[in-house]
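Lettering follows sequence order; numbering is per chain, from 1.
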Amino acid sequence: MSIKIALAGNPNCGKTTLYNALTGSNQFVGNWPGVTVEKKEGRLKKSFGVDALGDIIVTDLPGIYSLSPYTLEEVVARNYLIHEKPDVIINIVDGTNIERNLYLSTQIMELGIPVVMAVNMVDLMEKDGAAIHMDKLAERLGCRVVGISALKGTGVGEAAAMAAALAAERPAMRQVHEFSQELEEAILAAEAKLGGSVEEGRRRFYAIKLLEKDHQISAMLGNAPDVSAEIEALEEAMEDDTESIIANQRYEYISSIMEECRIGKGAATKKGSSKLSMSDRIDRIVTNRWAALPIFAAVMFLVYYVSVTTVGTYVTDWANDGLFGDGWHLLGIGGADYAEACDVYARDVLFTEEMKEIVREAAAAECIGAEEVLAAVGEGSFGGFQEAYASYGGAMTEAGFDISHIVDLLLEETPDSADYGIWVPGIPILMEKGLDAIGCSDWLQSLILDGIVGGVGAVLGFVPQMLVLFLFLAFLEACGYMARVAFIMDRLFRKFGLSGKSFIPMLIGSGCGVPGIMASRTIENDRDRRMTIITTTFIPCSAKLPVIALIATALFNGSGLVAASAYFLGIGSIVVSGILLKKTRIFAGDPAPFVMELPAYHWPTAGNVLRSMWERGRSFIRKAGTIILLSSILIWAGSCLGWVDGAFGFSTEMELADSVLGAFGNGIKWIFRPLGFDDATAAIATVMGLVAKEEVVGVFGVLDFVSMTKAAAYSFLAFNLLCAPCFAAIGAIRREMNSAKWTWFAVGYQCGFAYVVSLVIYQMGSFFAGNGSVAGMAAAVLLAAGICWMLVRPYKEKDASGVKRKGLSRNRA
Amino acid sequence: MKTLKDIACGQTVKVRRLSGEGPVRRRIMDMGITKGVEVYVRKVAPLGDPVEVTVRGYELSLRRADAEMIEVE
């Protein structure tokens, strides 16, 4: 039999630090069943010398302020305490903010479970000259009390030993705290009505909850006794509702205790004290009316710049092109020499006069892409040429400006990267060699290399960038700035049903949607978080940029307006979706309370920040990885199986049009007819976009657009920007939603919304260009009007918890 | 009736009672804004909402719409 210790306390009281100090590295992170609240369990470290009692499991409950039925975290925590019956609760309280912290304690003590109270930050309190009589506090609260500093590790062992001793001893809890006489009488009456239906130890807890009109508790009890007479008598006598009476008396009780137990008056007890603490001084600047927004912009820029633009891109490129690509130069040695050699080769050999002439003619004839090729040739850049040639070579050949007969042979003669510096081949190359050596069959080799390594590589490629971002997020959260982000941005974002903290996922989402979705973890409110997850990928990520560039080049003369419009489309979609979803039944509930603590600023410990970073990274790799791997294999199979010369078979050289995937594209292309692109290639390109959005460009070249109208091309772009994101992002959605149902809802909503937007764009665009249909226009107008109506429709935020309105209005009347 | 919403920055007021109902009200009480407690209005967010107050020795932010529930004297 193992001993269960539950760790409970307010957010920002040092609970995570204490938890880490208690369990060390023996931790398992998961989710509480069915919800997105994180669950952490760990084994108590052996070094505390209490392992004679067997395994001791410490469960870290979510940080909560109360045991009310109104927030998910509170419900999760109290359900755990009621149903799992831990042997001991360690209640950690922040000594520098003790009044509010003790409010939760008074509720925990009613559960009939032995409690050890760990008063954290005693070192800070001493410095402030605001010490507390621990003995007196223990006596007045009726539980063991120990002063600790979770950060420095002092007192942690003592707390662990006390908890273990209590668990072994299992003493009956004596209830010390008493409410006012009227309330105590009502509680006694309710307890008597409960009788033997609940065990004696927690009868008081249930009785108080019944008096608070807590419907979740009465539902849990099944046949809860009717205490409405007691409630009415109380409310009559005290001219307030029972919930307020109980909350007021708890705080009154705490104030009376603290008056006795405090030694000296430090900054912690300040009430309008004139001395400003360090945290106050920082906050004065950081959330200053004028400086707050510029500082916010600077912090956000730094986070984005480092995690997405510099370090992130550098490491992610290395992972994608080096580790999971051809290979890389160790420590970059020889990389520059190699690039230089390639450029020299290009200028001396590859860019022949004949070839330059053809390119110049093509550019003069305004052949698509020739301009880009010409620019690369002019710069003498090998890399630039290779890229432009890969994108537009086909289009030039088609237009009669064929350079492939000149360059293709020469390209094979380019310098070998292995001759320069220390060249490390990529994993696929190494594995290919290995598989060749053992004589592996073609299809298995293809499955391993293209399906599995390709799929795993796609996942792991995101990890470095994500870790950098998580490092920032962990730091911002731990130091207290994240709460200020919500404070600063709340007014803007709550208008469309999002949280002020939604800004960060969206900003990061413009680099890559995967870490963007993962960044939504910092949003406490479940509804805001879900809404953010659903809408984050509307912002064009970097993988969507090639698609935007392709269409801009092919049909809009490379106009920068196309890219700008894509971002406006993304932002507009977020705003519209936020307002629309807020009014649907599933999101209408839970009016997100914004009654939020702004914790004091403090410098976080490296250990905590790194641990938080690693936990998030690992959970992505493990949970999202499976989805991405499975879908990559599925797409691989679809592209390699198909019909060659009338017979169904397997070939690694399969033309996309002949494959199962091609047949699938053909089968579903009718869906896109109202959007203006009912063609198999466009359909396949959209499906391939699920693997990675830049694949759209691979399937759907420049040429395929020439026959399209501008309206159809833009509609194609809009659909691909807004519909379901790539598998990696869907995996991240699955991970963050922690529910298959919600994942399907998110993907379904994104596709549906993309469909409607594209349809409206195509039909209206065609109509105004003079080649649309009246029926199509009518449908587009109807849809657009429908959305507008949804946007302006009045609605009322419901009370989702189903709790009946309080009897306060009656009292007032 | 004066509510916390009407109080200018830099003033300290005493809570008389909480009107309204539902989860937000309970949350406000859970966070320590109960009858008789002193609340110091610290500052307003750059966009005009929410407000930051000091109560029971710590900083709390709440929206003006919710501050309207808190009757003060």
* **Max heavy-atom pair count under 4.5 Å with chain A, selected residue of Ala67(B), Ser61(B), Ala65(B)** =>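 The candidate making the most pairs under 4.5 Å is Ser61(B).
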
* Partner chain A: residue of Pro50(B), Gly32(B), Gly48(B) with the largest heavy-atom pair count (under 4.5 Å) ->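 Heavy-atom pair counts peak at Pro50(B).
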
* Could you go step by step and tell me if Arg27(B) and Tyr70(A) meet the side-chain contact (heavy atoms from CB on, under 4.5 Å) rule? -> CA-CA 8 Å; Arg27(B) 172 84 167 184; Tyr70(A) 298 125; over 6 Å; no

Interatomic distance, [X] atom [atom1] to [Y] atom [atom2] [nearest 0.5 angstrom]:
X	Y	atom1	atom2	value
Tyr58(B)	Asp94(A)	OH	CG	11.5 Å
Met31(B)	Tyr103(A)	CE	OH	11.0 Å
Glu59(B)	Ser279(A)	CD	OG	7.0 Å
Met596(A)	Arg63(B)	CE	CZ	10.0 Å
Asp490(A)	Asp49(B)	CG	CG	6.5 Å
Arg491(A)	Arg64(B)	CZ	CZ	8.0 Å

Side chain, backbone, both or neither of [X] within contact of chain B (heavy atoms, under 4.5 Å):
X	value
Glu252(A)	neither
Thr71(A)	side chain
Leu104(A)	neither

Below 4.0 angstrom, N of the basic side chain to O of the carboxylate: do [X] and [Y] qualify?
X	Y	answer
Arg100(A)	Asp30(B)	no
Arg26(B)	Glu212(A)	yes
Arg42(B)	Asp280(A)	yes

* Asked: Is chain A contacted by the side chain of Val51(B), its backbone, both, or neither, given a heavy-atom distance below 4.5 Å?
  ->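 Just the backbone, heavy atoms under 4.5 Å.
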
* Asked: Ser244(A) pairs by side-chain hydrogen bond (donor to acceptor under 3.5 Å, both in side chains) with which of Lys35(B), Arg17(B), Arg25(B)?
  ->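 Among Lys35(B), Arg17(B), Arg25(B), the one that satisfies the side-chain hydrogen bond (donor to acceptor under 3.5 Å, both in side chains) with Ser244(A) is Arg25(B).
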
* Report yes if some heavy atom in the side chain of Leu60(B) is under 4.5 Å from a heavy atom in the side chain of Val595(A); otherwise report no. =>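 Yes, side chains in contact.
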
* What parts of residues 282-292 of chain A touch chain B if we use heavy atoms and a cut-off under 4.5 Å? ->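 Result: Asp283(A), Arg284(A), Thr287(A), Asn288(A), Arg289(A), Ala292(A).
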
* **Closest approach of Tyr251(A) to Met29(B) (non-hydrogen atoms, all atoms of both residues)** =>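 Smallest heavy-atom distance, with atoms named: CE1-O, 3.3 Å.
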
* To do: Would you please say whether a donor-acceptor pair under 3.5 Å links the side chains of Arg250(A) and Thr34(B)?
  =>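 Per modelled atom types, Arg250(A) and Thr34(B) side chains form no pair under 3.5 Å.
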
